[in-house]
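Written below as C-alpha cells is the structure these notes are about.
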There are 2 protein chains.
Amino acid sequence: MSNELTIGRVAKGTGCNVQTIRYYEQIGLLPLPRRSEGNQRLYDDSAVQKLSFIRHARELGFPLQAIRDLISLADRPDKSCEAADAIAREQLEDIGKRLQRLQALRSELERMVEQCKGGRIADCRVIETLGDHSLCETDDHVLPKVRP
Amino acid sequence: MSNELTIGRVAKGTGCNVQTIRYYEQIGLLPLPRRSEGNQRLYDDSAVQKLSFIRHARELGFPLQAIRDLISLADRPDKSCEAADAIAREQLEDIGKRLQRLQALRSELERMVEQCKGGRIADCRVIETLGDHSLCETDDHVLPKVRP
DNA sequence: ATACAGTCTACAGTAACTATAGGTTCAAGG
DNA sequence: CCTTGAACCTATAGTTACTGTAGACTGTAT
Ligand SMILES: [Zn+2]
Ligand SMILES: [Zn+2]
Ligand SMILES: [Zn+2]
Ligand SMILES: [Zn+2]
C-alpha cells in the first residue's frame with residue numbers, strides 16, 4: 001500500500017493535466033519522481049500533495065515564481081511566515097488592480113454596446129467609439145498621450 | 001503638409017511602442033507603410049488612425065483576432081453592424097466572467113491573508129490554506145475532482 | 001565632421017501552458 | 001499467449017501579445 005500512482009491518476013486526482021505535470025517537473029517545480037521498470041513516472045503521496053499545493057495556488061492566480069518561493073518557504077517550517085504572507089498580500093493587491101481595471105472596461109463596453117441601436121457599420125457606435133477614445137467616458141484605459 | 005510621421009512619432013502619438021507597431025505590421029494587422037529613401041517607415045494619417053483603433057480596442061481588452069475581424073468589418077460601411085456588435089458583446093461577456101472569477105479569488109485571498117496572525121511557517125494560515133482547498137470557503141476556483 | 005538619437009532586420013525570450021508526432025508500456029479480453 | 005487499445009514516453013513546436021537584444025544603418029543638430 002505504498003500508494004504510488006501513474007501520472008494519469010495524479011492528473012485526475014489533482015485536476016491538472018498530464019502535460020502540465022510533466023511541464024512542472026521540467027521547470028523544476030516538481031521533484032523528479034521514481035520511475036517504473038518501463039520508465040513510467042510513479043508518484044507518491046508527497047508528490048501529489050505538492051502538486052495540489054501548486055494547483056491550488058495557480059487557481060488563486062499566483063504566478064509560478066511566487067509559487068516557487070512559497071514552496072521553498074514551506075520547506076522551512078521554523079522560519080517566520082512573514083515572507084509568505086507578503087507574497088499573498090502582493091497577489092491580493094495585484095488582483096485588486098486587475099479588478100479595478102476590468103470594472104472600468106466593463107462599464108465602457110456596456111456603454112458602447114448599449115448605444116448601438118443596430119444598422120449599418122457606417123453608423124455603428126461600437127466601431128465609432130473604438131476609433132475615437134474621446135467618445136469614452138473615462139480615461140482609465142488609455143495611457144497619457146504625450147505630444148512630441 | 002502630407003503629414004507623414006516616423007515610427008517613433010507615431011508610437012508617441014498613439015501610446016504604442018515602436019516594436020509593437022512593427023509587430024502589428026508583421027502579423028498583417030497594419031498595412032505596409034511607405035518607406036523613406038533610407039528605408040525608414042513613414043506613416044500617414046490613415047495609418048495612425050488605424051493604429052489608434054487597434055490600440056484602443058486592445059486597451060479595452062479585445063484580442064487581436066477580434067480586432068482583425070472588427071477592422072475588416074469597419075472596411076465595409078454599408079453592411080449591417082450586427083457582427084461588430086456581437087464581437088463587442090462577446091468581449092463584454094468575457095470580461096464579466098473574468099470579473100466574477102477575480103472577485104471570488106479576491107475574497108478567498110482576503111480571508112487567507114486576514115487569518116494569518118504571523119508566526120512560524122508551520123502555523124501559517126496562508127501556507128496551510130494553499131495546501132488544502134477544503135479550508136476555502138468557496139469552490140469557485142477549483143475544478144471538480146473526479147475520483148479515478 | 002562628428003556625435004548621437006532614431007531606425008532597420010532578424011532573432012530570442014517571456015508566461016504558462018497545449019498540441020503534435022512517433023514511439024513504448026501496460027492491462028485486459030479472446 | 002497474443003493482440004488490441006489506452007496510457008505513457010521524449011522531443012519539439014505552437015499559442016498570445018508582445019518585449020528585448022545585437023549589430024548595422026540613417027537622419028539631424030551642432
Ligand atoms: Zn453597431
Ligand atoms: Zn476609450
Ligand atoms: Zn502566515
Ligand atoms: Zn481553495
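All chains are named by letter (A, B, ...) in the order of the sequence lines, taking the proteins before the strands, and each is independently numbered beginning at 1.
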TODO: Quick one: pull up OG1 in Thr6(B) and OH in Tyr43(B) and give me the separation to the nearest 0.5 Å.
DONE: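 One gets 9.5 Å once the value is rounded to the nearest 0.5 Å.
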Task: Distance (rounded to the nearest 0.5 Å) between Asn3(A) CG and Arg9(A) CZ - done: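 Taking CG in Asn3(A) and CZ in Arg9(A), the distance rounds to 11.5 Å.
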Atom [atom1] of [X] to atom [atom2] of [N]: distance rounded to whole Å?
{"X": "Arg35(B)", "N": "dC8(C)", "atom1": "CZ", "atom2": "C1'", "answer": "8 Å"}
{"X": "Arg98(B)", "N": "dT16(D)", "atom1": "CZ", "atom2": "C1'", "answer": "12 Å"}
{"X": "Gln26(A)", "N": "dT10(D)", "atom1": "CD", "atom2": "C1'", "answer": "10 Å"}
{"X": "Asn39(A)", "N": "dT10(D)", "atom1": "CG", "atom2": "C1'", "answer": "9 Å"}
{"X": "Arg55(A)", "N": "dC17(C)", "atom1": "CZ", "atom2": "C1'", "answer": "11 Å"}
{"X": "Gln91(A)", "N": "dA15(C)", "atom1": "CD", "atom2": "P", "answer": "15 Å"}
{"X": "Gln19(B)", "N": "dA12(C)", "atom1": "CD", "atom2": "P", "answer": "17 Å"}
{"X": "Tyr24(A)", "N": "dA15(C)", "atom1": "OH", "atom2": "P", "answer": "13 Å"}

[X] side chain N/O closer than 4.0 Å to the phosphate oxygens (OP1, OP2) of [N]?
{"X": "Thr20(B)", "N": "dT19(D)", "answer": "yes"}
{"X": "Ser36(B)", "N": "dT26(D)", "answer": "no"}
{"X": "Arg58(A)", "N": "dC17(C)", "answer": "yes"}
{"X": "Arg41(B)", "N": "dT7(C)", "answer": "no"}
{"X": "Arg22(B)", "N": "dA10(C)", "answer": "no"}
{"X": "Thr6(B)", "N": "dG27(D)", "answer": "no"}

[X] side-chain proximity, nearest of [options]:
{"X": "Leu64(A)", "options": "dT18(C), dA16(C), dT25(C)", "result": "dA16(C)"}
{"X": "Asn17(B)", "options": "dC26(C), dT19(D), dC9(D)", "result": "dT19(D)"}
{"X": "Gln40(A)", "options": "dA16(C), dC9(D), dA17(D)", "result": "dC9(D)"}

Between [X] and [Y], is there a side-chain N and carboxylate O pair less than 4.0 Å apart?
{"X": "Glu128(A)", "Y": "Arg125(A)", "value": "yes"}
{"X": "Glu82(A)", "Y": "Arg89(A)", "value": "yes"}
{"X": "Glu108(A)", "Y": "Arg111(A)", "value": "yes"}

Open item on the list: Please classify the nucleic acid contact of Ile7(A) as base, sugar-phosphate, or nothing, using heavy-atom distances under 4.0 Å.
Closed with: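 Answer is sugar-phosphate: Ile7(A) comes under 4.0 Å of backbone atoms only.
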Open item on the list: By nearest heavy atom, map Tyr23(A) and Gly38(A) onto DNA chain C; which one lands nearer the 5' end?
Closed with: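 Whichever sits nearer the 5' end wins; that is Tyr23(A).
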